[in-house]
Amino acid sequence: MKKYTLLTLVLIPILKLYGQTDKPLAEGKVSYITLQNIYARFESVGLVQPGDTVFIRKDQVLTPLFVAESVSSTSCVGKPMAKFDIKESDAVFVKVKKKVEPAKLSRNIGSDQQNSGRKDSARSLPSIVHHKSITESGRKQRIRGRVGASSYSSFSNSSDFNQRMRYTFSLSAQNISGGRFSFESYILFTHKLNHWADVRDNVFKALKIYSLNVSYDIADKVHLSFGRKINFRIASVGAIDGFQGETKLGNFTVGVVVGTNPDYTDYRFNPKLFEYGGYLSHDVKTETGNMTTSVAFLQQTNRGMTDRRFAYFQHDNSLIKNVNLFASCELDLYALQNGIPSNTVSLTSLYLSLNYRFSNKLSAYVSYDARKNVIYYETFRNYLDQLLVDATRQGYQMRMNYRPTNKIFAGVSGGYRFQKNDPNPMQNVNAYLTFNEVPIINSSVSLSSNWLNTSYVDGFIYGIRLYRDLIPSKLSSGIFYRLVDYTYTNTSAKSLQHMAEFELNWQIRRKLSLSANYDGTFDKTNTYHSIYLSLIQRF
């Protein structure tokens, strides 16, 4: 059975905004991501105050991403309210409560578009400044673009110097010249220095086309698209190379897809992986919240033979105030048993989550995750971060966030997972405490502790992070230190590591930015270093 690269992407809009507002929105971007926190930056000073909600746009709806726990002149940080697929440079929004310069406000924000970031690039799309033209038809042209170049270098006392270059180009043009055509693309080229033979052998080892499609609106409620595209209503399928069409009938949306799957080894076009199917979605919008339910049936083949036949279900419900329920599952309808086809039904993927906000100070979140593992075609996570993600994503999760004052924030989360192939269950507990505007150093300080117990490792991770603006709206920096104290249960060997991280972000001009990041890991015998540089130009 094929593995799906983009299994969980755009699947988890956990908490939708209860109704719209006529307050203007200011647009910023995600500047940094850790396992516990999300950092965001805005161009205007003083837009975000402690306790404000920072949003992302999911499925045409503003969705709360986190509550600002610590703020500086142009930056803020908070814990994600749920499991979002979010990356550095993704667009975020905040409701403006006081008068700011009109040029700084986001105007008529378009559909959800996501950028690639340093940590993961399983799926990324552009999200940047708009250029608009309005025609007599009332359709607005929105053009967004982004080009970037980055370098990731790693070396240690036991390995050679390794450098990886990465170039990105993204463009989203909606309603071109005020018409019915739109275009979307996100293309990436990555290579290692002195490894051009690998590129010549297979260019798709370096070239990744995550999105490349043209769409046309036959009518206001009838949409067609051609090319490589992810459909958020059936996002579990991942990208589809081919034709997609949908029409709205009242509160219902009916759609069909015909095309092929990208090759799961290098993401190139593969005509041998033909697939087709359809979906039905129902939307409800009220003053208190929204509800969306989708069901889809798809048939996927390999060289003309049935590879997978399955049904997909997704439900997102925020009709009850302060409560959000999300559920998704996949049912396989086909299997080969001893080489004989069988139309058996089996549950192959399940995700459930419930988010409840008791008050502006206290919220809770619980989930159960039995989905397949995500395949990342590229990632810049270090070994420790990847270990934590792999060990804690599946199973039961619980989290509580508490804000006693505007300058103190606390939270605790825990997870439990038991799999048949693991002799012992995985257990994980994480706690954090954040202080905003600490006197003398004028920085935000966050303390964290993480206990992880699996069948192969048992121990703690202690961390402290400082973040502050050096020059408001221009230059900011952060320092992160972690102490890793692990015991490998199979050998009783201990591992004591010191991990240090330093970041620097420079907004050279409004649309040009430079970021630098250093990671260092030190133990008794080895030292590991990595340096990340990124230059991004938006248009």
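Looking at T260, its side chain never comes within 3.5 Å of a backbone N or O of L273 through a donor-acceptor pair. Although no hydrogens or angles enter the test, the distance criterion places no donor-acceptor pair under 3.5 Å between the side chain of Q427 and the main chain of Y416. Side-chain N or O atoms of T306 include none that pairs as donor or acceptor with a backbone N or O of T301 at under 3.5 Å.
Here K272 pairs with N270, R303 under the side-chain contact (heavy atoms from CB on, under 4.5 Å) rule; sequence neighbours left out. R180 is linked by a salt bridge (charged side-chain N to carboxylate O under 4.0 Å, His left out) to nothing, counting only residues two or more places apart in sequence or in another chain. For the ring-ring contact (aromatic ring centres under 6.0 Å, His included) test, no residue two or more places apart in sequence or in another chain qualifies with F313. Among residues two or more places apart in sequence or in another chain, the ring-ring contact (aromatic ring centres under 6.0 Å, His included) test is passed with H282 by F252. For D217, the salt bridge (charged side-chain N to carboxylate O under 4.0 Å, His left out) test picks out R139, with sequence neighbours left out. Taking the side-chain contact (heavy atoms from CB on, under 4.5 Å) definition, one finds that S534 meets it with S150, S515, Y532, I536, sequence neighbours left out. For N213, the side-chain contact (heavy atoms from CB on, under 4.5 Å) partners two or more places apart in sequence, or in a different chain, are E184, S211, K229. Residues that satisfy the side-chain contact (heavy atoms from CB on, under 4.5 Å) test with A206, not counting sequence neighbours, are F189, V199. Annotation: side chain to side chain donor-acceptor pair (under 3.5 Å) contacts of S159 (sequence neighbours excluded): S156. Partners of F274 according to the ring-ring contact (aromatic ring centres under 6.0 Å, His included) rule, which considers only residues two or more places apart in sequence or in another chain, are Y276. Remark: Y356 pairs with F358 by the ring-ring contact (aromatic ring centres under 6.0 Å, His included) rule, at least two apart or across chains.
Side chains of N430 and W451: a donor-acceptor N/O pair is absent below 3.5 angstrom, by distance only. When only modelled atom types and interatomic distance are considered, Q314 and T293 share no side-chain donor-acceptor pair under 3.5 Å.
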(message) Quick one, Y351 with F326, criterion side chain to side chain contact (heavy atoms under 4.5 Å, CB included). Give me CA distance, side-chain angles, the key distance, then yes/no.
(response) CA-CA 8 Å; Y351 178 82; F326 182 87; 3.6 Å; yes
(request) Please report the C-alpha distance between S530 and S154 in whole Å, then the side-chain angles of each, then the deciding distance to 0.1 Å, and finally whether the side-chain hydrogen bond (donor to acceptor under 3.5 Å, both in side chains) criterion is met. (result) CA-CA 4 Å; S530 63; S154 61; over 6 Å; no
(request) Assess whether salt bridge (charged side-chain N to carboxylate O under 4.0 Å, His left out) is satisfied between D332 and R308, documenting all intermediate values. (result) CA-CA 7 Å; D332 272 34; R308 190 185 185 202; 2.8 Å; yes
(message) Checking N355 against N322 for the side chain to side chain contact (heavy atoms under 4.5 Å, CB included) test, could you report, in this order, the C-alpha distance in whole Å, the side-chain angles of both residues, the deciding distance, and whether it holds?
(response) CA-CA 8 Å; N355 194 310; N322 295 332; over 6 Å; no
(request) Begin with the C-alpha distance, continue with both residues' side-chain angles, and end with the deciding distance and a verdict on ring pair (Phe, Tyr, Trp, His ring centres under 6.0 Å) for F93 and F55. (result) CA-CA 5 Å; F93 310 96; F55 300 87; 8.6 Å; no
(request) Starting from the C-alpha separation in whole Å, work towards a yes-or-no answer on side-chain hydrogen bond (donor to acceptor under 3.5 Å, both in side chains) for D263 and T265. (result) CA-CA 6 Å; D263 192 282; T265 61; 2.3 Å; yes
(request) Might you work through the side chain to side chain contact (heavy atoms under 4.5 Å, CB included) test for T168 and I187, ending with a clear yes or no? (result) CA-CA 6 Å; T168 60; I187 301 173; over 6 Å; no
(message) side chain to side chain contact (heavy atoms under 4.5 Å, CB included) for Y334 and T344? Distances and angles first, verdict last.
(response) CA-CA 6 Å; Y334 173 87; T344 59; over 6 Å; no
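Here CD of E287 is found 12.0 Å from NZ of K321. Values are rounded to the nearest 0.5 Å. Taking CD1 of I234 as the reference point, atom OG of S294 lies at 9.5 Å (rounded to 0.5 Å). Note: N162 CG to Y152 OH = 9.0 Å, rounded to the nearest 0.5 Å. If you take OG on S177 and CD on Q141, they are separated by 5.0 Å, rounding to the nearest 0.5 Å. The distance from atom CD of Q299 to atom CG of L333, rounded to the nearest 0.5 Å, is 9.5 Å. Between the CD1 atom in I176 and the OG atom in S182 there is a gap of 6.0 Å [rounded to 0.5 Å].
Side-chain contact between D519 and N517: present, with at least one pair of heavy atoms (C-beta onward) separated by less than 4.5 Å. Using a 4.5 Å cut-off on side-chain heavy atoms (C-beta onward), N261 and Q300 make contact. Within the 4.5 Å cutoff, no side-chain heavy atoms of L207 are placed close to those of L188. Contact annotation: the side chain of Q163 never approaches that of K192 to less than 4.5 Å [non-hydrogen atoms, C-beta and beyond]. The side-chain heavy atoms of M426 and L452, taken from C-beta on, include a pair separated by under 4.5 Å. Side-chain contact between F310 and L298 is present, with heavy atoms from C-beta onward closer than 4.5 Å. With contacts defined as side-chain heavy-atom distances shorter than 4.5 Å, the pair N428/N450 qualifies. Under the 4.5 Å side-chain criterion, counting only non-hydrogen atoms from C-beta, Q174 is not in contact with I143.
Looking at every heavy atom in both residues, L212 comes nearest to S185 through CD1-CB, 3.8 Å. In terms of heavy-atom proximity, L65 sits nearest to I38 at CD1-CD1, 3.8 Å. A pairwise comparison of heavy atoms in T292 and S281 identifies CG2-OG, 3.8 Å as the closest pair. Pairing each heavy atom of S513 with each of K29, the nearest pair is OG-NZ, 3.4 Å. The two residues Y312 and C329 make their nearest non-hydrogen contact at CD1-O, 3.4 Å. For the residue pair K208 and D266, the shortest heavy atom distance occurs at CE-O, 3.4 Å.
The pair D241-R228 meets the salt-bridge criterion, since a charged nitrogen lies less than 4.0 angstrom from a carboxylate oxygen. Ion pairing between D283 and R233 holds under the 4.0 Å rule for side-chain N and carboxylate O.
Using cut-offs of 30° and 60° on the angle between ring planes, the pair Y267 and Y210 is tilted. The aromatic rings of F226 and F243 lie tilted to each other, with the angle between the two planes from 30° to 60°.
Residue pairs meeting the side chain to side chain donor-acceptor pair (under 3.5 Å) criterion with at least one partner in residues 243-259, sequence neighbours excluded, are N231-Q244, E246-Y279.
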